[in-house]
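Each residue takes its place number in the sequence, starting with 1.
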Amino acid sequence: MSQPIILESSLSWSGALRRKLMADESFALWLSKAGGEPVTRRVIQDWFAELGGGGTLPVTNLRHVLRLLRARVFYTLMVRDINGEAPLHEVVGAMSALADLAVAEAYKSVVTSLVEVHGVPRDPHTGLPQEMLIVGMGKLGGRELNVSSDIDLIMLYGEEGETDGRRKISHHEFYGKVTQRMMPVLSEPDADGQVFRSDLRLRPDGDSGPLAWSLDALENYLVVQGREWERYAWLKGRVIPCKAFADSETAAQREQLERLRRPFVYRKYFDFDALASLRGLRERIRQDWERRASARNGIDSIHNIKLGEGGIREIEFVVQLSQLIRGGRAPSLQQRTLLTALHKQNKAGVIAPEVAESLGAAYIFLRRVEHMLQYREDEQTHLLPRDPSLCEGLAAVMGMSREEFDQTLADHRAFVSRTFRDAFRIAGMGDGEDNDPPQRLPEAPCADLADHIRQVLGEDTPQASDLCRRVDSLLESHRIRSLSASSRKRLDALLPAIMSASASTEQPAITASRLLELVEQVAQRSAYLALLAEYPETLARVARLVSASPWASQYLRRHPILLDSLIEWRTLMAPPDFEQIGAQLRSELDACVLADGQADMEQQMNLMRDTQHQVSFQLLAQDLEGELTVEQLADRLSALADMLLAETISRVWPLVQPRGQRDNVAPPRFAIIAYGKLGGKEIGYASDLDLVFLYEDPNTEASERYAKLGRRMVSWLSTMTSSGRLYEIDLRLRPDGDAGLLAVSLEAFEQYQLNHAWVWEHQAITRARFVAGDAQIGQRFEQIRRQVLLAPREAGKLKEEVRAMRERISAGHPNRSTDFDLKHDRGGMVDVEFVTQYLVLLHAHEHAALLENLGNITLLGIAAKTGLIPADLAEKAANAYRVFRKRQHALRLQGAQKARIPDDQLVEERNAVMQLWDKVIGD
């Protein structure tokens, strides 16, 4: 009997299909029709119903129906795949959907039969029936099952208790019985075949542990005994939707499980101790097939496309390694599906685009080859054929010639193998291509640490004696005495290395003292002791940073998570791409969700703070290396603040909407105006933000809603969380100051500025700018600002007002020392700023170029070009302002509370500023 054309290629390759059609000729007609349409979850459910599924089938009937259904899915996917009609996501998605359905139906059938004897297991807190949570692990968890796959399951339940039937048993016994009776339904072969081989060995304690675990027992196990390979396994863990009781509710248990799984798999503070385990895991992957192959008559690994060199398992390791290392701080990387995870890593800049593209292509190709091998005899195999005719046949069903197939396979596997060997460098945890463990700290040249300190600093220097006492004090502190044995051993190796690293800096004793303070701060987190011990080059970089700046040292102590970034020095020295950073931040914030799907605000707030700290630290490292001018630094810190303010609006606005109206809400008619340092793009690492909130919205509730938005934004920005504070916010420059409305309508702002504002408020608006929110409101603000600055003013009266305000500034910042205050003393920065503001307010209506918010130095140059001030005086004052800013910045990096210098320094610069003041505003 001739077969339909659609089946020809499949029949020529698959002995399993030929046997199926010989046993059931009518199946050929059904298959030829089914092969023309994609196999979806909905299609599989329809087929299940057609075969007699639905309701709650007795176990015997269900076994038969599920095996018939599996045959339909398997052979339809075969025909579609071999004909080039089914992409990989259809094949693995359909097999995963089949597994979900089979597990759910087997569970429902078995539970129903057990309830008749033992009664219902109930949640002791709610009294509702308590379902089992069946977790799909591995490829089932990631919805990536191959066509002849095992399924890995872990069986869990919520609370202990007893069933309520005539023959009561404990919940532990009940769920154990459920598990025992489910497995044959799925995996026991009979005349109809089997559905899925099922494996329970990934459960806690493996084969020696109970078949089903309570959530409390699982939590205790993961906290006390959870190992690195189990983090790797739980990465894909997914609860399969199962329901045996109509009135049950599993949301709380699912949320509880997710609260256990996420922090176990994804850790904010990556444990560098875990690197050794992950390296060991990589080596086991390398060696696993060799051991198995040796037991199978020496077949070498090159023929195994899953476990062999350059195979599927190596791709999985590369992608999942980056997830384990970075996923705790980048929620967008917390993906169960490999190709989605790879895409997210590419988008986040974790993996180079060309590497991601090649890995993705290799994965799709190898998975398709895997399926072709399994279609042949419907068996779980990953071995390439050796018979030449079978090799030709494999190439043909892949749609390729033999030569093309062999070359493509070899190229993919070679690339995967190189990438696998380079996995730790790609993940940012190593430099060498062979990825041997990083060189450990060298042994101290002296057996005694005190001798080593004296050798570094000099035999009889006071600094050496002070440092010895400081080390003794550290070792006697509670934090150090309470360390585990392994951490204390690591610290003992680290201390002499700290002295050696300090010796290479300009001030060894000070550097060593600051490093000891850092060690004391982070000692309770073994991850950071491990980082400094495992990566000597990182220790050297930390030494250079803390030596250069006590402020940098303090910043690192406050945010030790930043130590991780010192491993990737090249990335740290690259200019920040704020467009990319902003896009990635939005992606990460979107991924911050609780187990119930709601936004995790605490995690979002921490993530924004971590981003701010990371970029600030990146700029700090570049600053201390001399890569940035003060102006470049301020521009980039201002761009960072602008980005974070814009993101804050988008995250907070939904929170001020009435409940039930927070989805798809229209953007706010709201804008943030920056004054002061942010307005002039002159902020430093720890600057406050002077902000004014404006809105334009005809809604009758607008005033109250935007005031609420403003309050929530201030809280979002300035609240101290576990990651610190984002920015201190100052709103006193809004109309009427502290007595005014928190958010001001655009109309009220305009009326205030034109009719009621003080001169000093007009001075402030000279360097105000729109930074975030509704761009149209930003344009209207700029129009109002220009209108204010263009208003004609009488020179004498304006001088009086400016001089009076300058006196108030001086009175508010008294300097009783003999030093010169770079900012507030006469001849300092404030004088330059006031002169510039005066020139803008008095002459902008004549010289439009003065209207732009271009900074004091540029505006002085414009004033000189227009003849308002002498060019040589403008240049000298501008240079003085630049020198003052640079010196002020250097003093702050050295930890100075006030920017003051000896009175005999920068005399020429101060005189230039005084001359400018006297020329423009003086009597």
Side-chain angles (χ1 to χ4, degrees), residues 349 425 428-431 438-439 497-519 521-522 528 531-532 534-578 580-581 610-641 643 677 681-687 882-896 899:
R425 186 195 61 78
M429 294 296 136
D431 295 321
Q439 202 171 20
I498 284 175
M499 303 308 156
S500 298
S502 301
S504 64
T505 66
E506 293 183 359
Q507 38 189 5
I510 292 174
T511 302
S513 181
R514 291 172 185 168
L515 286 173
L516 292 175
E517 289 174 351
L518 176 63
V519 166
Q521 181 70 29
V522 305
Y528 292 117
L531 167 61
L532 295 172
E534 294 279 357
Y535 292 85
E537 182 56 34
T538 298
L539 176 60
R541 290 166 185 160
V542 175
R544 292 203 302 273
L545 282 170
V546 303
S547 177
S549 166
W551 190 89
S553 178
Q554 184 184 49
Y555 198 73
L556 266 179
R557 291 201 306 274
R558 198 160 55 239
H559 310 296
I561 194 172
L562 297 170
L563 288 168
D564 297 359
S565 61
L566 290 170
I567 297 175
E568 301 176 78
W569 188 249
R570 289 186 298 273
T571 301
L572 197 66
M573 288 294 109
D577 181 342
F578 287 105
Q580 192 274 333
I581 293 169
D610 291 340
T611 299
Q612 196 257 12
H613 299 152
Q614 176 61 52
V615 178
S616 296
F617 186 67
Q618 182 178 358
L619 295 172
L620 174 62
Q622 295 172 16
D623 183 13
L624 294 174
E625 290 286 318
E627 298 290 327
L628 298 175
T629 66
V630 173
E631 289 84 357
Q632 288 173 328
L633 174 65
D635 283 345
R636 292 172 188 181
L637 287 171
S638 299
L640 173 63
M643 180 194 78
K677 289 184 177 179
K681 296 186 179 180
E682 294 182 351
I683 66 171
Y685 295 114
S687 294
R882 184 179 289 112
V883 170
F884 291 161
R885 284 188 64 190
K886 187 173 182 180
R887 182 66 70 88
Q888 179 192 50
H889 178 65
L891 286 168
R892 286 177 176 164
L893 284 179
Q894 292 307 313

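Listed by chain and residue number, R882 satisfy the salt bridge (Lys or Arg N to Asp or Glu O under 4.0 Å) test with E631 (two or more places apart in sequence, or in another chain). When the salt bridge (Lys or Arg N to Asp or Glu O under 4.0 Å) test is applied to R892, no partner is found at least two apart in sequence or on another chain.
Considering all non-hydrogen atoms of both residues, A634 and R885 come closest at CB-NH2, 3.4 Å. Taking each heavy atom of A543 and T505 in turn, the nearest pair found is O-CG2, 4.0 Å. What you find for L628 and R636 is that their closest heavy atoms are CD2-NH1, 2.9 Å. The shortest heavy-atom contact between Q888 and A899 is CG-CB, 3.7 Å. In terms of heavy-atom proximity, A574 sits nearest to Q622 at O-NE2, 2.7 Å. R557 approaches Q521 most closely through the heavy-atom pair O-CG, 3.4 Å.
A donor-acceptor contact shorter than 3.5 Å links the side chain of Q894 to the backbone of A548. When atom types are taken as modelled, the side chain of R514 and the backbone of V546 share a donor-acceptor pair closer than 3.5 angstrom.
Within the model, atoms CG of L619 and CG of L640 stand 7.5 Å from one another, a figure rounded to the nearest 0.5 Å. Put simply, CG on L891 and CH2 on W551 are 14.5 Å apart, with the number rounded to the nearest 0.5 Å. I498 contributes atom CD1, which lies 11.5 Å from atom OG1 of T511 (distance to the nearest 0.5 angstrom). Put simply, OG on S502 and CZ on R544 are 12.5 Å apart, with the number rounded to the nearest 0.5 Å. Taken to the nearest 0.5 Å, the NE2 atom of H613 stands 7.5 Å off from the CZ atom of R558.
V630 is not listed as a side-chain neighbour of R887, based on a closest heavy-atom distance of 4.5 Å or more. No side-chain heavy atom of Q618 sits less than 4.5 Å from a side-chain heavy atom of S565. Contact of the V615 side chain with the F578 side chain is registered, since non-hydrogen atoms from C-beta on lie closer than 4.5 Å. Considering only heavy atoms from C-beta on, V519 stays 4.5 Å or farther from Y528 through its side chain. You'll find the side chain of L531 stays beyond 4.5 Å of the side chain of V522, heavy atoms only. Under the 4.5 Å side-chain criterion, counting only non-hydrogen atoms from C-beta, L624 is in contact with L545.
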Between R541 and L563, does the side chain to side chain contact (heavy atoms under 4.5 Å, CB included) criterion hold? Intermediate values first, please. CA-CA 10 Å; R541 290 166 185 160; L563 288 168; over 6 Å; no

For side chain to side chain contact (heavy atoms under 4.5 Å, CB included), just list the numbers for V542 and L566, CA-CA rounded to whole Å, side-chain angles, deciding distance to a tenth of an Å, and then say yes or no. CA-CA 8 Å; V542 175; L566 290 170; 3.2 Å; yes

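Below 30°, between 30° and 60°, or above 60°: for H559 and Y555 the angle between ring planes is above 60°, a perpendicular geometry. Ring orientation note: the planes of H889 and Y685 are tilted relative to one another, at an angle of 30° to 60°.
Remark: of the listed residues D623, L620, I683, I683 is the sole one forming a side chain to side chain contact (heavy atoms under 4.5 Å, CB included) with L637.
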